[in-house]
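Below: one structure, written as structure tokens.
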Amino acid sequence: MRRAYLDHIAATPVAPEVQKAMEPFLGVKFGNPQSLHFIGQEAREAIENAREQVASLINSRPEEIIFTSSGSEANNLALKGLALAYQKKGNHLLLSSTEHQSVLHSGKFLEKLGFEVETLPVDSYGRVDPDEVRRAIKPQTILVAVMMANSEVGTIQAFKEIAFICAEKEVLFHTDGVAYVGNLPVDVESFPVSSLSLAGHQFYGPMGVGALFVKKGTRLFPLVDGGIQEGGRRAGTENVAGIVGLGRAAFLAKEKMKDWQKKIIPLRDQLISELPRQVEQVILTGHPQDRLPYHASFCIQFIEGEAMLLNLDLKGIAASSGSACTSRALKASHVLLAMGLDHALAQGSIVFSLINGNTKEDIDYLLEVFPPIITRLRKMSPLYAQFKEGQK
Amino acid sequence: MIYSEKVMEHFQNPRNVGKIEDADGVGEVGNPVCGDMMTFYIKVENNRLVDIKFQTFGCGAAIAVSSMVSEIAMGKTIEEALKITNKMVAEELGGLPKNKLHCSNLGADALHKAIEDYLQKQSQKEEDEKAEKTVSEKEKPREISCPYCEGPLKGLEEYCRACQIELEECPECGLPRKKGDKCPHCGATRVRV
Ligand code: FES
């Protein structure tokens, strides 16, 4: 059977050169980077090399990079670490309503500690209005968090503009770059950002490793106490192989990003333009232009996402959905609801996210098998029957 | 795959999909957990279900459940069909993942609602009290359990671990329902004061 992997947002495949770079550190180069001896020092050097590679990807200084176990941990560290370090200055936080749960739930945690957390609304494309940020900043505001791009709908935020507003108001600005970094160029010197998170499995690195950039001179309260790893800002024996893999992936991304985009964008555009042409009542979610190069997301009216995913899986196609039925907690995607979609429409969520290596044949195959799946599921749907009757 | 073979088989080849234009009874239920919908249509002759059709807007489990319910109920008498429980359906399907058990509630409920609808229409014509009674008896749960997954609960103010939802006592009928939601037992939407 033909297979097409269209689930970048879940994980990208590990690049062969990344795997190769990691291998010695899962075997012969097993040293603890904190050891003084030669085998420890070998690991230490590898980590510092990776730090330089990651720093170079976003044009930061190496010492501004803290390695973490994931993008989620990086977001937790930014939100909690900054809020706790600056609580003498104020207790008000502004988070956009489509942030990743690792940001929103960190906000909930901080609320329990007495912080005041306010969410910023988004428009129907999922964008935060920078003027809204300006209006919402209060004298007690210490931190604003707006992501670079959203992985469920692909929308890219006006993060630079928002960063400048925060700088002007002397408020910290955190941005979640997990979906963005490694896929589009980032230069932390070009906009005033306090912290930025990223994760390896979104640009052909390994899972279970991420990083947080923290601007030099920014105080940060550590969340994991213990040793002196990561400059005392994140204790715990390092995941050397993972960090080496992240570094190698960053190096690769810097070099190849443009090539990847060149190949992926036409495929994404083919999907975005053709699917709604072939099937009625299909809505593109997120912004039509300001979106991630690898991202095509839709709501297919009258049917439910999990049923679509199961059918696609049977055809060898891997995708994602933000429908309530697909989530373990049976809750509709907070992103789609924040964008003003109603529950029934959000149920029809389907996300195709491309990876380097996808071909035109993959998209052609998807466009061949997906419409009949939709037709079949719609035939079963009482909502579609109502819609058809209403049309008569 | 998260589902049993049986579920996948029914999901891929659902039986009795569609609508009966001149149905004797129609039952529609909404899933209070995820907001999905299921409609059952029945045709009754000599107290037997001679035709059943359904439409479902929901997940793979919901589709397989509706198909299975229609298959089990086909040809059964009204009394027999009313005895079909959500548990039976889930068992026939070789089990369902825990957080999908609530979808199996939809199936039997929608069928029972269609039968109720049929009986009501009947009783308008002829007073069929016996059948009415069977229906109301059927609706009374015997012990306190989560209305969405049927898991046991300790008190009325509880949290169902399987469904991951907070429950409260319905001010109308006194049974548990999802906090702030429409009551799945009596349909009350009144909020608690
Ligand atoms: S119908 Fe929503 S989870 Fe089954």
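Just so you know, these numbers come straight off a predicted model, no measurement behind them. The figures here come from the full heavy-atom set of this structure, side chains too, leaving out hydrogens, waters and symmetry mates. Below, read A as the first sequence line, B as the second, and so on, with proteins coming before strands; counting in each chain starts at 1.
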Region of [X] that comes under 4.5 Å of a non-hydrogen atom in chain A:
X         : value
Ala61(B)  : backbone
Lys100(B) : side chain
Lys53(B)  : neither
Pro14(B)  : side chain

TODO: Check whether Ser323(A) gets within reach of chain B through its side chain, its backbone, both or neither, counting any heavy atom under 4.5 Å.
DONE: neither
Task: Residues Glu168(B) and Arg177(B) bridged, charged N to O under 4.0 Å - done: yes
- [ ] Please check if atom CD in Glu5(B) has more than 12 non-hydrogen atoms from other residues, nucleotides or ligands closer than 6.0 Å.
- [x] no
Open item on the list: Let's test your reading of the structure: which of Pro382(A), Gly348(A), Ala385(A), Ser381(A) forms the most heavy-atom pairs below 4.5 Å with chain B?
Closed with: Pro382(A)
Open item on the list: At a heavy-atom distance under 4.5 Å, which candidate from Met308(A), Arg376(A), Lys379(A) has the highest pair count against chain B?
Closed with: Arg376(A)
- [ ] Report yes if the side chains of Leu383(A) and Gln386(A) come closer than 4.5 Å at any heavy-atom pair, otherwise no.
- [x] yes
Task: Side-chain touch His201(A)/His8(A), heavy atoms, less than 4.5 angstrom - done: no
Task: Charged tip of Arg378(A) within 45° of Phe302(A) ring normal and under 6.0 Å - done: no
Open item on the list: Is the terminal nitrogen or CZ of Lys113(B) (NZ for Lys, CZ for Arg) located under 6.0 angstrom from the six-membered ring centre of Phe40(B) and within 45° of that ring's axis?
Closed with: no
